[in-house]
Amino acid sequence: MSARNASNSLEPREEWGTRLGFMLAAAGSAVGLGNIWRFPFVVGESGGAAFVLIYLAFVLLIGLPLLIGEISIGRGGRANAMDSYGAVTKSKKWKFNGLIGIIVNFMILSFYSVVSGWAFYYFILALTGNLVAEDRDYGSSFGGFISDPLMPVVWQLLLMAIIIFIVMGGVKKGIERWNNILMPTLFVLLIVLVFRSVSLDGAGEGLRFFLEPDFSVINSGVILAALGQAFFSLSLASGVYVTYGSYSRSSSSITGNAGGIVFLDVMVAIMAGLIIFPAVFHYGIDPGSGPDLVFITFPAIFTDMPFGTVFAVIFFFFIFVAALTSAISLLEVVTAFVKERFNISRKIAAPVTGLVIAIVGVFASLSFGVLSHVTLIDRTIFDLLDFLSAEVLLPFAGLVMSIFLGWIWKPAAVKAEIEKEGNRFPLFTLWSFLIKYVIPLVILIVFLDSLGII
Ligand code: PFF
């Protein structure tokens with residue numbers, strides 16, 4: 001099947017209704033649990049502010065340039081995450097990199113849906129006024145909930161059903177329409193929470209941990225974690241931007257959109273840190289306590305706070321919405337691929353894909369309870385899916401993508417795609433230098449370093 005005909009014959013290729021539609025959906029993918037749930041606990045495990053600085057350097061040096069390139073592949077290729085690689089170069093060899101992204105999306109959604117399900121449940125708990133009372137013991141009930149064999153799975157499957165429904169609705173009427181509603185809601189909620197958090201007392205120690213770097217804590221594991229966090233948080237090299245970019249019109253500004261996505265993503269992560277660390281230290285919670293951090297810290301804060309119940313509802317709705325818009329993008333990448341490759345309609349591709357992912361996801365959920373003893377390289381199923389996707393496969397796909405952009409498709413062709421309808425590509429020479437030399441080299445060094453080879 002030629003990539004250009006990859007859109008199936010049952011439906012013409014879909015497009016975003018507006019330019020803002022692409023921007024909001026792409027930012028919706030980037031801003032998610034990675035910023036609000038994963039970022040704080042990885043910062044906590046990696047020693048604080050020094051990690052944050054390295055993460056920011058990776059975002060600017062590697063994330064932004066790759067993001068520009070990844071959207072260009074999609075807009076130029078106008079096909080799913082795999083076939084777009086073939087469409088822009090007329091060579092099939094590099095499609096495997098798109099396939100890695102699709103597999104990673106599958107893996108991420110299988111554990112992402114677990115945490116999204118937790119957020120969904122906590123939102124409903126807060127809404128029904130049950131959260132504060134239940135978690136007065138600062139999290140023991142959370143541990144009970146996630147290790148239960150049934151409850152978290154029910155919420156996870158409910159969440160999967162919602163995103164399948166949205167993705168079945170299509171690019172404009174499903175994904176775009178929901179992002180147009182959910183993303184502005186998310187920003188309003190964020191602003192409310194930041195105002196609330198700056199007025200908390202006892203913030204000093206937490207802020208120091210988050211903002212004052214101590215470089216003695218840096219080792220190769222921390223550097224790899226920072227690289228992984230940059231990729232995960234930006235949804236980078238996963239095929240999301242290829243897929244979403246393929247639905248955008250040639251008049252859209254790729255560099256402008258990429259800048260906007262990075263700005264929003266970093267801003268939300270930093271704000272999440274500013275909200276969470278003061279509370280973590282205030283309540284004497286261990287910042288390195290892992291994936292539970294946000295779910296344990298927040299019920300504790302809301303218990304003591306005036307109007308705590310209201311803020312609890314806002315906070316968990318915020319996490320739930322952020323998770324939802326990212327989960328939509330994860331399902332869309334795999335769905336678009338299945339739909340175009342097997343020439344079936346979206347209405348069939350989305351539920352079938354979602355169902356298979358949900359089945360794998362159940363194992364990820366059970367790894368907090370009955371399957372907690374099943375481990376590989378010291379990691380449970382959940383941790384392994386997270387580690388392999390964020391710290392191995394995404395940076396690897398990013399490394400291959402930089403080689404593809406810099407040496408195969410070539411910077412001049414990327415520039416031509418970006419400038420097709422009168423948009424400019426500022427700092428093109430710097431971009432091309434970073435893509436050709438700096439990015440592949442830095443990723444390679446981080447990999448070799450973490451393997452103990454250098
Ligand atoms: N960027 C999302 C987040 O920060 O929560 C997670 C994610 C979504 C990663 C989509 C990868 C992806 F393809």
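Numbering of ligands and ligand atoms starts at 1, following listing order.
A parallel orientation is assigned to the rings of F382 and W118, their planes being inclined by less than 30° (bins at 30° and 60°). Using bins of under 30°, 30° to 60° and over 60° for the plane-to-plane angle, the ring pair F111/W37 lands in the tilted bin.
Ligand 1 has a nitrogen or oxygen under 3.5 angstrom from a nitrogen or oxygen of S233. For the pair L33 and ligand 1, the shortest N or O to N or O distance falls below 3.5 Å. Any N or O atom pair closer than 3.5 Å counts here, and S329 shares no such pair with ligand 1.
Residues F396 and F447 keep their aromatic ring centres 6.0 Å or farther apart. Between Y85 and W409, a ring centre-to-centre spacing not shorter than 6.0 Å is recorded. The aromatic ring centroids of Y55 and F39 lie less than 6.0 Å from each other.
Residue-ligand proximity, N35 to ligand 1, at heavy-atom distances under 4.0 Å covers atoms 4 (O). For ligand 1, the atoms closer than 4.0 angstrom to any heavy atom of N105 are 13 (F). The distance from ligand 1 to the heavy atoms of I108 drops below 4.0 Å at these ligand atoms: 9 (C), 11 (C).
For atom 5 (O) of ligand 1, the closest heavy atom belonging to the protein is Y112 OH, 2.4 Å. If you check which protein heavy atom lies closest to atom 12 (C) of ligand 1, you get L330 CD2, 3.4 Å. Remark: minimum distance from atom 13 (F) of ligand 1 to any protein heavy atom is reached at S238 OG, 2.7 Å. Looking only at protein heavy atoms, the nearest one to atom 7 (C) of ligand 1 is S235 OG, 3.6 Å.
Contacts with ligand 1 closer than 4.0 Å are made by no heavy atom of L394, backbone or side chain. At a 4.0 Å heavy-atom cut-off, ligand 1 touches F232 through backbone and side chain alike.
If you check each of A30, A269, S326, G239 against atom 4 (O) of ligand 1, the one with the closest non-hydrogen atom is A30. Of the candidates G34, A390, S29, S29 brings a heavy atom nearest to atom 2 (C) of ligand 1.
Surrounding CZ of F387 are more than 12 heavy atoms belonging to other residues, nucleotides or ligands, all under 6.0 Å away.
Residue F210 is tested with F281, F277, F51 for a ring pair (Phe, Tyr, Trp, His ring centres under 6.0 Å); the sole match is F277. Tested against R38 for a side chain to side chain contact (heavy atoms under 4.5 Å, CB included), the candidates L33, D386, L293 yield a single pass: D386. For the ring pair (Phe, Tyr, Trp, His ring centres under 6.0 Å) test with F123, the passing option among F317, F318, F316, W155 is F317; the others fail.
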